[in-house]
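As structure tokens, the structure follows; a few thoughts come after it.
Predicted, not measured: the structure shown is a model, and the values here were computed from it. We count residues from 1, following the sequence as given.
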Amino acid sequence: MAQTPTRRLSSEHQMDNTDSRDSKVRSAEETLRKVNQDLERLQEELAHQLNQDGQPLGDRGVKLLEEIRTLEGLAHRLRSQIESKHPIVNPIPTPPAPAAQEEPVSPKPKPQRKEGQVVTGLLLAFLSACVLSLFNVTLKILLKLSPEPRLVLGLFPVDGLITPGLGNSLLILFLRMIVIMLVFPILATVLYPSVWSDLKRFIESNDYDHMLKVVGSGFFLFLSQVCIYIAIGNIPTGIAITIFFIYPIVTVFASWALFGDRPNLARIIAMIVILAGGIMALPQGGIEGNTNLGISAAIGAGVTFAGYVLLVGMGTKKLHPIPFSLVSFAAIFVFSGISLLFPLPEGLGVVIEPNTQMGLLIGGTILGLLTLGSYLLNNFAIRFAGPALASIVGASGPALTALFSLFLIAEALRTQQWIGLGLVSLGVLGMSLERMLAPKKA
């Protein structure tokens with residue numbers, strides 16, 4: 001039977017309405033997808049900023065929080081629109097609810113992490129700090145500081161493979177970076193699938209100012225790594241890491257000078273505590289090496305690491321932290337490789353003893369895997385517990401390194417040095433707590 005004109009027009013009108021509704025749903029779904037991507041990017045950037053020990057949140061962090069809250073509200077409204085515009089399975093109209101029962105639409109609060117997730121995240125952050133401390137002690141074991149082998153756990157004699165020095169530090173760093181550059185691209189793809197498209201946009205952007213900041217951060221991290229290797233070769237491992245932790249002080253003053261981010265009373269007190277602890281922890285001579293060189297190198301490691309932290313804060317504004325890390329690692333790999341090509345003065349160059357090549361390759365592989373292990377554990381710690389809580393656990397770095405050194409290689413410290421180490425850890429913890437509370441105040 002032929003349809004009447006009225007029924008045919010009504011059918012066509014319904015089809016047009018359906019097509020229009022479907023088109024709006026698809027448009028809303030595409031917008032929601034982009035909003036979720038932007039939200040994930042901003043959350044990752046905020047997490048990276050909060051995870052930088054000693055780095056104040058600053059105006060950028062406050063703006064990130066505001067943008068995240070705005071996007072969360074927009075995402076909620078888009079989801080509500082999509083749900084309301086999807087075709088209804090039951091065509092029978094449903095009577096509207098009474099007006100008194102209607103509730104205004106408002107952004108849903110961000111779901112709180114479950115207690116079990118937070119505990120898991122804190123445990124992962126602690127394991128990350130332990131792996132990083134084990135890295136420092138492993139580096140010490142690889143260094144040949146005396147003709148006698150070093151006893152590991154008081155039972156296993158292990159001969160050092162390479163003497164501490166500038167050239168040898170560059171060699172160890174280069175071997176470590178070979179392993180990282182072989183594995184980290186795969187790890188980065190798993191953690192952040194958009195890493196390669198982000199890197200392509202970064203390269204094609206021709207934003208040379210941004211590129212300089214990203215590559216410059218890798219250069220400062222390269223200098224910091226070389227300095228800390230030299231420091232560990234000349235003074236006790238725990239003391240070298242304790243002195244290195246002066247970098248939050250340098251970061252705060254540099255942020256004040258460059259960005260006008262004046263330190264508040266809490267940061268000033270924390271800096272005084274860190275400085276006092278660092279002075280108390282200073283070694284006063286020993287049999288391991290050149291004490292003055294070790295102290296100077298540890299201070300240099302902290303200062304250059306502060307430069308790295310500052311450039312990270314500026315560089316991750318346009319690049320996700322994971323591709324940013326990949327560029328930084330690649331920069332260290334290139335800088336260490338190029339540095340090995342230049343001849344160094346006698347006594348500073350690379351010196352490899354016979355029959356140690358295989359041991360050095362194994363040692364470099366272990367150092368690279370420990371670095372990646374610590375990075376991966378910390379990444380998941382941030383996801384489970386949040387960046388602020390994860391960074392608080394990072395304040396245990398000096399104490400954990402000293403304890404690992406004591407139990408694994410019997411590297412003992414004096415009572416005064418233990419007190420200084422505790423003060424440094426307390427000061428860094430105070431800065432982390434202040435940074436965690438700053439978003440709530442903002």
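Other residues, nucleotides and ligands contribute over 12 non-hydrogen atoms within 6.0 Å of the CZ atom of F202. The number of heavy atoms from other shown groups lying within 6.0 Å of CG (N206) is above 12. Residue-environment remark: CZ (F174) exceeds the threshold of 12 foreign heavy atoms within 6.0 Å.
The heavy-atom pair separating V424 from G277 by the smallest distance is CG2-C, 3.6 Å. The two residues L400 and S133 make their nearest non-hydrogen contact at CB-OG, 3.3 Å. Nearest heavy-atom pair, I241 versus P398, reported as atom, atom and distance to 0.1 Å: CG2-CA, 4.1 Å. Closest approach of A281 to T242, counting heavy atoms only: CB-CG2, 3.9 Å. Residue G420 comes nearest to M280 through the heavy atom pair CA-CB, 3.8 Å, listed as atom of the first residue, atom of the second, then distance. Y308 approaches F220 most closely through the heavy-atom pair N-CB, 3.7 Å.
Residues N136 and K140 fail the side-chain proximity criterion, which asks for heavy atoms closer than 4.5 Å. Here the side chains of F222 and Q225 are not in contact, with every heavy-atom distance at 4.5 Å or above. With contacts defined as side-chain heavy-atom distances shorter than 4.5 Å, the pair L408/L134 qualifies. Side-chain atoms of V215 and F335, non-hydrogen and from C-beta on, do get closer than 4.5 Å to each other. Put simply, the side chain of F245 does not reach to within 4.5 Å of the side chain of I274, judged on heavy atoms. Counting only heavy atoms from C-beta outward, the side chains of Q416 and I419 never approach each other to under 4.5 Å. You'll find the side chain of D209 reaches within 4.5 Å of the side chain of D207, heavy atoms only. T138 has its side chain within reach of L370: a pair of non-hydrogen atoms, C-beta onward, lies under 4.5 Å apart.
Between the side chains of T291 and N234, no donor-acceptor pair is found at a separation under 3.5 Å. Side-chain contact, S374 with S128: a donor N or O sits under 3.5 Å from an acceptor N or O.
F244 and Y247 have their aromatic ring centers within a separation under 6.0 angstrom.
Formation of a donor-acceptor pair under 3.5 Å by the E353 side chain with backbone atoms of I162 is not found in this model. Of the possible donor and acceptor atoms, none in the side chain of E204 sits under 3.5 Å from a partner among the backbone N and O of R201. A donor-acceptor pair is defined here as one N or O able to donate and one able to accept, closer than 3.5 Å; no such pair exists between the side chain of K144 and the backbone of D159.
Atom CG in L151 sits 10.0 Å away from atom CZ in F156 (nearest 0.5 Å). A distance of 11.5 Å separates CZ in F219 from CG in L311, rounded to the nearest 0.5 Å. Summarising the geometry, atom CZ belonging to F305 is positioned 13.0 Å from atom CG belonging to L223; distances are rounded to the nearest 0.5 Å. Atom OG in S405 sits 9.0 Å away from atom CD1 in I141 (nearest 0.5 Å). Here S339 contributes atom OG and L171 contributes atom CG; the two are 12.0 Å apart, rounded to the nearest 0.5 Å. Note: I332 CD1 to S328 OG = 6.5 Å, rounded to the nearest 0.5 Å.
Screening F333, Y375, Y192 for a ring pair (Phe, Tyr, Trp, His ring centres under 6.0 Å) involving F184 leaves a single residue, Y375. Considering T356, N168, L161 as possible partners of L142, the one that fulfils the side-chain contact (heavy atoms from CB on, under 4.5 Å) test is L161. H320 pairs with exactly one of D198, V195, L199 by the side-chain contact (heavy atoms from CB on, under 4.5 Å) rule, that one being D198.
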List the steps and the verdict of side-chain contact (heavy atoms from CB on, under 4.5 Å) for I239 and L282.
CA-CA 7 Å; I239 298 303; L282 290 176; 5.9 Å; no
Could you go through L275 and I279, starting from their C-alpha distance and side-chain angles, then the distance that decides it, and tell me whether this counts as side-chain contact (heavy atoms from CB on, under 4.5 Å)?
CA-CA 6 Å; L275 184 60; I279 293 173; 4.3 Å; yes
May I have the step-by-step check of side-chain contact (heavy atoms from CB on, under 4.5 Å) for L175 and L361, ending in yes or no?
CA-CA 7 Å; L175 294 175; L361 289 175; 4.0 Å; yes
Under the side-chain contact (heavy atoms from CB on, under 4.5 Å) rule, what do I299 and I243 come out as? Steps first, then yes or no, please.
CA-CA 6 Å; I299 294 174; I243 298 174; 3.7 Å; yes
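Aromatic ring orientation, F253 versus W256: parallel (interplanar angle below 30°, classes split at 30° and 60°).
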